[in-house]
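Heads up, the thing below is written out as structure tokens.
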Amino acid sequence: MKREGPIALLMISGVLYIVSVMLASPVMEPVAATLDDWYKIVVGFINLVGIISLTQVNGRAVLRKSSGWFYNALLIVVLYGYIILGLVGGVGNVAFTRIYDNILTPILMTIFSTLTFWIGSAAYRAFRAKNLDAAILLVAGIVVMIGRVTLGSAISPAIPKAAEWILNFPTVAGMRAIEMGAAIGGIVLALRMITGLERSFMSND
Amino acid sequence: MSNDIWVWIGAILTLGTYSVLYKDNPVYRVLEALFVAILAGHSVVINWFNFQKPTIVNRLGEGKELIVVIPLLLAALMYFRYSRKFAWLARYPMAFLMGIGAAYVLTKNLKPMFLTQARATMLPLWVPGDFGATINNWVVVLGVASVLTYFFFTVKKTGPVHGFSRIGRIYLMIAFGALFADTVLGRVSVTLVRFQFLLNDWLGLGI
Amino acid sequence: MEVSIFTKLDSLDRRWIFAFQALVFCIVILNPVGLALNVGDQVRTAFEAIESLPEGSIVWFATDYQAANAAELEPAAIAIFKHCMQKNLRVISGSTWPEGGAMMSRLINYVAPEFPDKEYGVDYLNLGYRPGGQVWLQQLTDDLPAAVGGIDHFGDPISAYPIMEGLEVIQDVAMIIGIHVGTPGTPEYIRVITDPHNVPMITVLPAVSVAVTMPYLASGQLVSIVASLRGGAEYELISGFSGTAMTGMDSQSFMNLTIVIFVILGNIGFFYNKYKEGSSGGGGDNV
């Protein structure tokens, strides 16, 4: 029951879905639709796992008075305060949307943008043409970086054209091959799962 | 300078977040806690109103769709992962999700992800009267074939196979160069918007 | 032994580099030089595709992104939304990301004041988030009102909204505008909706996603890619709805140039130090 049961469920649900899609008969089509519906419900109702884990990790730090426990406590207070505010006031509640738009959004955007500064620092210290491969990467990168902004066409119309060519042909070829390889890899992995060979999802309980 | 309190709050939060570039500090730690808490809390509330409540109230309650109980019970098993004794029960919802996920890969991925891409690579290697198109087609066909060869690990790469896979590696470097450039472009765009907000909207400079 | 300027720069505290970057960004934002912005093929194709849609057609906004990406994607999304309103198209949004409903609300807040005659539920609608990723997308192809549980983002019944008339499945929409940043995103839409059901899609992407999405464009699985802030600026230009993106293009150029100069300087230093080590007979790691 502990191992065989889940593997049987995985195989049955997967095979049933494939058969119902392949046959596409009036009898089997509702089976796929039902499985879709169940999938959505399961996904939609397991979201609290993340919240419980977040509470556990931060709650433990507060109880143990670990270094910086104040921030963990703040996180828990804000988390549950915000959830209560939303649940009581609803999605359209002014305070709920204000906090999202005017507090979360600037913080998130700024965190996202700090990487620009790290890239700038790394650009000087790490992006070195140490061999032919790195040199090719850097030259392609510089052409695209300049060619995709207005400065590129101001310097020479050839630069944006070169950038576009790099993106439209060699990049498409490279990325397409990766995509095709990933597609085959994904299919092989799915086959292993559906035949019960892939059991790694049970290893970290 | 702006008279809008929300612009001021946005500016303070922006500067507080940038303060981490100097060094880790209490202001940044507070903002970090705020962002994790608000983001997680937001998803709980949205999921409740957009999905969980209508499923329970409309479908199970008013609609009397008792079959909905089955996936709800399956989802409930996930919460046994916090019990040492019954953690294995959480494998059931996981197995169900993985079964359907695998079925999706097997029924939906092959054509759009592989066959259509392969077909799009089968380009004419001679385009009469258009030398540029001929060259470009060669670039794509050669690139896809050589990169696939580069990732082909079941054959020992010696002689011409090694040479061909080496061409694939060059293609990958060009693609990664473009990817690197796009990463810079994207991050610079976000930074630009934050700086525009600080300089134009908050300080009222350069308008 | 004499220490070169490049070696000294190598050991410079990175915060000086951050400060220098910030200074350059401030200077270029406050002193725009007015470089010409041209509309590229991709944005022109996207504009023409929307322009060609008959009045009353439904455009599906897949708002699959979150606040972190808003700065990069919103200018294009707003300009396209405004273009749709100008063309009397119906805009309906849905999302596989929990923040998608909030993102659409932000877009509506930007667009609605410019079109006071347009109404929620008549001309645009926010269906919000539903879980399930590509499984939910599959449900949209079977029965769209059922897939969203018959309600919009705010919990109101969609059957009361005139905008829903004639929309039974997502195949009924004339165009999908996929505002995507990750998973679920463009590939999921291609696999489940656009490829099997031939629904045209334009994607609004952050710059970092462009290279990996290019194969779908080249294979004809996408109509067009409107990329990043530059794509937004081009769309603002071609549609005539000027916004924030256009004003920043100069600055973006010089901010990018700063990073390019850093790369070039770093490499000059690298080769100079390597040359010096070689000429002084030093060994050292040159990998």
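Numbered from 1 within each chain, the chains take letters A, B, ... in sequence-line order. When reading the values below, keep in mind they use all heavy atoms of this one structure, side chains included, and skip hydrogens, waters and symmetry mates. For clarity, every value in this text was computed on a predicted model and none was experimentally measured.
For the atom pair CG (A:Leu9) and CG (B:Leu97), the distance works out to 9.5 Å, reported to the nearest 0.5 Å. Between the CD atom of A:Glu179 and the OG1 atom of B:Thr116 there is a distance of 11.0 Å, given to the nearest 0.5 Å. The CG atom of A:Leu35 sits 9.5 Å away from the OH atom of B:Tyr104 when rounded to the nearest 0.5 Å. Separating the OH atom in B:Tyr28 from the OG1 atom in A:Thr114 is a distance of 6.5 Å, to the nearest 0.5 Å. Note that the OH atom of A:Tyr39 and the CZ atom of B:Phe96 stand 9.0 Å from one another [nearest 0.5 Å]. A distance of 7.5 Å separates OG in B:Ser43 from CD1 in A:Ile83, rounded to the nearest 0.5 Å.
Contact count versus chain B (heavy atoms, under 4.5 Å) is highest, among A:Asp36, A:Val77, A:Leu189, A:Ile84, for A:Asp36. Counting heavy-atom pairs under 4.5 Å between each of A:Trp118, A:Tyr71, A:Tyr82 and chain B puts A:Tyr71 at the top. Considering only heavy-atom pairs separated by less than 4.5 Å from chain B, the leading option among A:Arg176, A:Arg192, A:Met11 is A:Arg176.
Close approach to chain B, defined as a heavy atom under 4.5 Å from one of its heavy atoms, is seen in A:Val144, A:Met145, A:Arg148, A:Val149 of residues 144-152 of chain A, taken by number.
For A:Leu87, the parts sitting under 4.5 Å from any heavy atom of chain B are the backbone and the side chain alike. Contact of B:Phe151 with chain A is made through the side chain alone, with heavy-atom distances under 4.5 Å. In this structure, no portion of B:Phe197 lies under 4.5 Å from any heavy atom of chain A. Only the side chain of B:Ile70 comes within contact range of chain A, with at least one heavy atom under 4.5 Å from a heavy atom of that chain. Heavy-atom distances place both the backbone and the side chain of A:Arg3 under 4.5 Å from chain B. Contacts of A:Phe96 with chain B are made by side-chain atoms alone, with heavy-atom separations under 4.5 Å and no backbone atom involved. With a threshold of 4.5 angstrom between heavy atoms, B:Ser189 does not approach chain A through any atom at all. With a threshold of 4.5 angstrom between heavy atoms, A:Leu108 approaches chain B through side-chain atoms but not through N, CA, C or O. The contact between B:Thr14 and chain A is made by backbone and side chain atoms together, counting heavy-atom distances below 4.5 Å. When heavy atoms are compared at a cutoff of 4.5 Å, A:Asn58 does not approach chain B at all. No part of B:Pro112 comes within reach of chain A, as not one of its non-hydrogen atoms sits under 4.5 angstrom from that chain. With a 4.5 Å cut-off on non-hydrogen atoms, B:Ala120 touches chain A through its backbone and its side chain both. For B:Leu110, the parts lying near chain A are the backbone and the side chain together; criterion is any non-hydrogen pair under 4.5 Å. Neither the backbone nor the side chain of B:Ala76 comes within less than 4.5 Å of any heavy atom in chain A. Interface residue A:Met109: backbone and side-chain heavy atoms are both found under 4.5 Å from chain B. In this structure, the portions of A:Ser53 lying under 4.5 Å from any heavy atom of chain B include both its backbone and its side chain. Of the atoms belonging to A:Ile52, heavy atoms from both backbone and side chain fall under 4.5 Å from chain B. With a 4.5 angstrom heavy-atom cutoff, B:Leu148 touches chain A via backbone and side-chain atoms both. With a 4.5 Å cut-off on non-hydrogen atoms, A:Leu85 does not touch chain B at all. Contact annotation for B:Phe176: both backbone and side-chain heavy atoms come within less than 4.5 Å of a heavy atom of chain A. Of the atoms belonging to A:Ile119, it is side-chain heavy atoms, and not backbone ones, that fall under 4.5 Å from chain B. With a 4.5 Å cut-off on non-hydrogen atoms, B:Arg169 touches chain A through its side chain but not through its backbone. For chain B, the nearby part of A:Val21 is the side chain; its heavy atoms alone come within less than 4.5 Å. At a 4.5 Å heavy-atom cutoff, A:Glu198 makes no contact with chain B through either its backbone or its side chain. With a threshold of 4.5 angstrom between heavy atoms, A:Met22 approaches chain B through side-chain atoms but not through N, CA, C or O. For a residue to count as touching a neighbouring chain, one of its non-hydrogen atoms must lie under 4.5 Å from one of that chain's; by this rule B:Leu72 touches chain A with backbone and side chain alike. When heavy atoms are compared at a cutoff of 4.5 Å, B:Leu21 approaches chain A solely by way of its side chain, counted from C-beta outward.
Sorted by first and then second residue, the pairs that involve residues 120-148 of chain A and meet ring pair (Phe, Tyr, Trp, His ring centres under 6.0 Å), not counting sequence neighbours, are A:Phe127-B:Phe180.
Every residue two or more places apart in sequence or in another chain was checked for a side-chain hydrogen bond (donor to acceptor under 3.5 Å, both in side chains) with B:Arg119, and none qualifies. With sequence neighbours left out, A:Phe117 forms a ring-ring contact (aromatic ring centres under 6.0 Å, His included) with B:Tyr18, C:Phe25.
A pairwise comparison of heavy atoms in A:Val42 and B:Pro93 identifies CG1-CB, 4.2 Å as the closest pair. Here the closest heavy-atom approach between residue A:Gly86 and residue B:Phe49 is recorded as O-CE1, 3.2 Å. Across all their heavy atoms, A:Val49 and B:Tyr82 have their closest contact at O-OH, 2.8 Å. Contact between B:Ala95 and A:Ser13 at its shortest, heavy atoms only, is O-OG, 4.4 Å. Considering all non-hydrogen atoms of both residues, A:Ile41 and B:Phe51 come closest at CA-CZ, 3.7 Å. Listed here is the closest heavy atom pair of A:Ala190 and B:Leu106: CB-CG, 3.8 Å.
Judged by distance alone, the side chains of A:Asp101 and B:Trp6 never bring a donor and an acceptor atom under 3.5 Å apart. Side chains of B:Thr191 and A:Thr116: a donor on one and an acceptor on the other come within 3.5 Å.
Heavy-atom contacts from other residues, nucleotides or ligands closer than 6.0 Å to CZ of B:Phe131 number 12 or fewer.
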